[in-house]
Amino acid sequence: MIVRPLETRDVARWVELRAALWPDRPRDALEAEGRAALLTDPPLTVIVADVDGTLAGFIEFGFRSYAEGCDTSPVPYVEGWYVRDEFRRRGIGAALMRAVEDGCRARGFEIGR
């Protein structure tokens, strides 16, 4: 398994995973929303888990001005987190979350549990 940032070539497969996470949302809306979020300032950060060429999961996070229970601003905030059924219980979700936490620590954020 390789945990890495989303690449342009991954976008269609990422949209498939977003549709699995949010099945009640129209796929075209999820794609448009996702592509737009990648272009915001600061952009939505998407990290994927690649297992032998298959996107097994993803985690999306951004920065919000406020989050319940937080005293500082901005606040890193996980917007979406998903692992395909057939890849669950292998530590992929935990690896994605660790990547977010490590990235936030590298940016100077304090990560609590």
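Predicted model, so just to flag it, every value in this text is computed and none were measured.
- Within 6.0 Å of the CG atom in D71, the count of heavy atoms belonging to other residues, nucleotides or ligands does not exceed 12.
- Taking all atoms of both residues into account, the shortest heavy-atom contact from F109 to P74 is CE2-O, 3.4 Å.
- The minimum heavy-atom distance linking L96 with A49 is given by the pair CD2-N, 3.8 Å.
- Listed by chain and number, the hydrophobic cluster partners of W14 are L6, V11, V15, L17, L21, W22, L30, L38, L44, V46, V48, L55, F58, Y82, where partners are ILVMFWY side chains within reach of under 4.5 Å, directly or through others.
- Using a 4.5 Å cut-off on side-chain heavy atoms (C-beta onward), T54 and R84 make contact.
- Counting heavy atoms from C-beta outward, D50 and D10 have side chains that stay 4.5 Å or more apart.
- Here the side chain of W81 pairs no donor or acceptor atom with the backbone of M97 at under 3.5 angstrom.
- In this structure, Y77 has no ring pair (Phe, Tyr, Trp, His ring centres under 6.0 Å) partners at least two apart in sequence or on a different chain.
- Here the shortest heavy-atom pairing between I47 and A99 reads CD1-CB, 3.9 Å.
- Remark: R25 CZ to E33 CD distance equals 4.5 Å, nearest 0.5 Å.
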Name every donor-acceptor pair, under 3.5 Å, that has one atom in a side chain of residues 61-70 and the other anywhere in the protein, sequence neighbours excluded.
{"unit_1": "R64", "atom_1": "NE", "unit_2": "E79", "atom_2": "OE2", "d": "3.0"}
{"unit_1": "R64", "atom_1": "NH2", "unit_2": "E79", "atom_2": "OE1", "d": "2.9"}
{"unit_1": "R64", "atom_1": "NH2", "unit_2": "E79", "atom_2": "OE2", "d": "3.4"}
{"unit_1": "Y66", "atom_1": "OH", "unit_2": "E68", "atom_2": "OE1", "d": "3.3"}

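- Taken together through direct or relayed side-chain contacts under 4.5 Å among Ile, Leu, Val, Met, Phe, Trp and Tyr, V83 and V78 form part of one hydrophobic cluster.
- Looking at R27 and R18, their side chains never come closer than 4.5 Å, going by heavy atoms from C-beta outward.
- The minimum heavy-atom distance between G53 and R13, with the atom names listed, is O-NH1, 2.6 Å.
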